[in-house]
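Reviewing the structure listed below.
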There are 2 protein chains.
Amino acid sequence: MKTETVPGDERPTLKTIAFLTGLGVTTVSRALKNGPEIGEETKERVRQIAKQVGYRPNRAGVRLRTGKTNVISLILNTEEGAMGLVSEMVYGITEALADTPYHLVITPYSLSDPMEPVRYIIETQSADGVIISRTEPRDPRVSYLLDHHMPFATHGRTDMGVVHPWHDYDNESYAYNAVKLLAGRGRKRIGLSGPPPQLLYARHTARGFERAMRDFKLDVFPLSTLNLDAPADEIRRSGREIGLASDRPDGIVCSSAMSALGLVGGLEEAGLRIGRDIDIVTKQSSSFIGWYKPEILTIREDFRTAGRDLAKSVLAWIDGADPATLQHLVGPEGAV
Amino acid sequence: MKTETVPGDERPTLKTIAFLTGLGVTTVSRALKNGPEIGEETKERVRQIAKQVGYRPNRAGVRLRTGKTNVISLILNTEEGAMGLVSEMVYGITEALADTPYHLVITPYSLSDPMEPVRYIIETQSADGVIISRTEPRDPRVSYLLDHHMPFATHGRTDMGVVHPWHDYDNESYAYNAVKLLAGRGRKRIGLSGPPPQLLYARHTARGFERAMRDFKLDVFPLSTLNLDAPADEIRRSGREIGLASDRPDGIVCSSAMSALGLVGGLEEAGLRIGRDIDIVTKQSSSFIGWYKPEILTIREDFRTAGRDLAKSVLAWIDGADPATLQHLVGPEGAV
DNA sequence: TACGCCATCTGTAACGTTACAGATTTACTG
DNA sequence: CAGTAAATCTGTAACGTTACAGATGGCGTA
């Protein structure tokens with residue numbers, strides 16, 4: 001015996017509510033999205049019943065009919081060993097999506113074909129918005145997404161004369177503050193271990209560093225070949241050499257916790273004591289550096305906020321906001 | 001002018017292929033899933049055209065019709081500061097899903113309501129399979145998913161007399177090998193800084209530790225109050241105290257890189273030199289410990305493999321495999 | 001009274017897919 | 001040569017939703 005017209009304990013649909021209220025399916029649909037042509041009284045009744053039966057719109061139905069996926073794609077390179085950075089960003093994104101109908105889908109790619117995921121997303125129309133994590137100064141993914149009118153936001157700025165939402169850590173301000181911190185502790189001779197020079201924020205970092213060095217009238221210890229993408233043992237070796245040099249610095253500004261750890265290892269090997277003979281400042285996203293060596297000075301970089309911010313920007317763009325208004329430069333909130 | 005029957009440059013559907021081949025839509029559908037009632041020649045022709053026009057099945061269509069979502073949900077607690085662990089697992093999962101139609105969706109939850117995501121997934125039928133990351137010995141999510149016949153896999157075993165796929169690091173073997181490593185370096189008096197005692201793998205770790213201590217006839221240095229969930233500064237302070245104790249150990253086995261770093265910080269503060277006065281062994285998932293202090297001994301724990309493994313198990317269960325065969329205990333592959 | 005207009009509601013069709021129940025052709029059996 | 005089975009193909013309907021083009025009724029106006 002099949003009860004044809006009386007819905008049982010299956011997942012409720014618009015039909016279920018239509019049946020229970022005696023209204024048409026269309027009316028229920030319009031009522032739930034608060035359409036103007038439905039009576040206020042009816043709307044209320046529909047909402048009541050909908051809540052009662054625990055109605056949740058069927059994503060596949062909506063997506064098939066409207067093309068809206070309610071998906072935000074985070075594009076990740078799975079080859080980089082990005083440590084806590086990625087999880088913090090993911091957490092931030094999920095926070096921003098929490099009270100929305102959006103789901104977060106992780107879309108991986110390998111360095112051999114960085115365009116693959118964006119192409120896939122455009123071709124299969126599998127997302128309403130995209131977040132790009134390792135943005136290049138001239139990023140072909142950015143042009144591609146722009147060409148195909150897909151809302152997105154990038155972590156890090158681009159340098160291609162094109163407008164789009166982004167979130168960037170204010171590395172100029174970081175470097176300035178880092179130097180200032182060292183100056184405040186009486187340090188005179190400072191080195192900078194920055195990002196690889198081809199990345200855009202290497203320029204920002206250098207600018208902040210140089211400005212502060214002038215402002216505080218300090219000596220630059222040249223350290224140019226050393227960037228945070230160098231192999232671990234090389235960084236460590238550099239640290240050792242620096243520590244043994246006759247004109248060694250008494251302060252170093254690092255652009256990543258990894259390179260700071262490597263340097264510290266080398267410096268200690270050379271017999272220096274951090275905090276006494278030399279001070280190291282670095283960015284800190286998770287809290288592990290503090291766990292290990294409170295002597296290392298840190299300035300906060302918050303990837304969770306970055307994620308939240310990026311997600312919000314994408315949603316805003318989807319909702320029609322002007323992308324030019326969705327660009328955020330977030331500085332260090334202060335030394336920790 | 002609308003060209004009604006001649007599909008243009010829109011995304012190709014089954015209809016497009018049907019039009020191009022002169023076949024019926026149904027036939028094309030059956031042909032592409034290699035159904036038995038379609039001629040070999042026809043199948044080949046359909047496949048040709050499908051590839052030519054770049055056909056990709058519409059997920060919403062499939063999902064609406066069949067209920068298959070092609071989604072695997074990873075359930076993550078966004079409150080824990082899980083460092084590299086999470087990203088590595090995510091990467092592993094995406095590797096396993098790479099050549100499948102499955103997408104990875106991140107579903108967050110807060111400690112205030114751990115059941116929320118699984119309830120949501122069941123109620124909205126929004127995934128074909130689930131991966132649970134921080135498994136409790138008696139995990140209500142496990143029972144719930146079992147009750148609702150949702151395939152899943154857990155990272156870490158449960159202790160509730162119930163069969164399901166899981167992946168677990170062999171902490172007993174880890175602890176045994178860690179002690180063995182210390183014994184091989186001539187260490188005599190060893191302490192264990194394990195996981196919080198209520199977690200299941202604390203028991204495994206302790207078992208391996210004790211067995212090895214007996215086998216190699218070593219002295220246990222009691223360190224029981226110290227577990228890896230203790231606050232950072234407490235761990236560090238303990239390290240200092242341990243270093244200053246008259247009966248101090250000459251070896252410590254740690255269950256996490258975090259606690260190892262904290263301990264090392266404290267021990268060095270107390271004037272000890274790692275690798276000379278005392279040896280520390282810890283698990284290592286990412287490579288950052290090696291970057292900082294090669295003196296710390298490490299045994300590998302591979303979260304990427306864990307993720308790959310978990311995803312594969314879920315897919316296998318979805319495809320009808322016996323969950324009892326999808327349980328993997330993965331040991332350390334050797335000291336690094 | 002007739003007309004039109006507004007407010008409110010309804011049915012049909014379509015998004016792309018697949019299950020199902022045929023339809024057609026071919027080949028083989030008796 | 002009829003009859004049937006096998007092989008191959010097809011159309012219809014449905015999944016849950018929403019856009020669109022009506023339908024219905026009440027009410028004010030001419």
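Numbers restart at 1 for each chain; the letters A, B, ... are given by sequence-line order, proteins then strands.
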Go through the structure and list residues passing side-chain hydrogen bond (donor to acceptor under 3.5 Å, both in side chains) with [X], not counting sequence neighbours.
X	value
B:Asn58	none
A:Lys312	none
A:Asp113	A:Arg119

Within the sub-3.5 Å range, which N or O atoms of nucleotides 6-12 of chain C have a protein N or O partner, and how far apart are they?
residue, atom, partner, partner atom, Å
C:dC9, OP1, A:Thr42, OG1, 2.6
C:dC9, OP2, A:Gly39, N, 2.8
C:dC9, OP2, A:Thr42, OG1, 3.1
C:dT10, OP2, A:Gly24, N, 2.7
C:dT10, OP2, A:Thr27, OG1, 2.5
C:dG11, N7, A:Thr26, OG1, 3.1
C:dG11, O6, A:Thr26, OG1, 2.7

Rounded to whole Å, please give me the gap between [atom1] in [X] and [atom2] in [N].
X	N	atom1	atom2	answer
A:Leu64	D:dT18	CG	P	11 Å
A:Asn34	D:dT18	CG	P	14 Å
A:Asn58	D:dC15	CG	P	11 Å
B:Leu14	D:dC9	CG	P	16 Å
A:Leu32	D:dA19	CG	P	13 Å
B:Arg63	C:dT18	CZ	P	15 Å

Residue pairs involving residues 139-158 of chain B (criterion salt bridge (charged side-chain N to carboxylate O under 4.0 Å, His left out); sequence neighbours excluded): B:Asp139-B:Arg141, B:Arg157-B:Asp168

N/O donor-acceptor pair, side chain A:Arg65 with base D:dT18, under 3.5 angstrom: yes

Among C:dT18, D:dT18, C:dG16, the nucleotide that comes nearest once only the side chain of B:Thr13 is considered: C:dG16

Presence of B:Lys15 side-chain N/O under 4.0 Å of C:dG16 phosphate oxygens OP1/OP2: no

Phosphate OP1/OP2 of D:dT17 contacted by A:Thr66 side-chain N/O (<4.0 Å): no

Extract all donor-acceptor atom pairs below 3.5 Å that involve side chains of residues 30-43 of chain A and protein atoms in other chains or at least two apart in sequence.
residue, atom, partner, partner atom, Å
A:Arg30, NE, A:Glu37, OE2, 2.8
A:Arg30, NH2, A:Glu37, OE2, 2.1
A:Asn34, OD1, A:Lys43, NZ, 2.9
A:Glu40, OE2, A:Arg47, NH2, 3.3
A:Lys43, NZ, A:Gly35, O, 3.0

Side-chain H-bond candidate by donor/acceptor type, A:His167 with A:Ser313, under 3.5 Å: no

Short side-chain donor-acceptor distance under 3.5 Å, B:Ser73 and B:Thr107: yes

Partner set under salt bridge (Lys or Arg N to Asp or Glu O under 4.0 Å) for A:Arg138, not counting sequence neighbours: none

Set of residues satisfying side-chain contact (heavy atoms from CB on, under 4.5 Å) with respect to A:Asp319, sequence neighbours excluded: none

Terminal helix-axis angle for the helix from C:dT1-D:dA30 to C:dG30-D:dC1, with five pairs defining each axis and rounding to 10 degrees: 70°

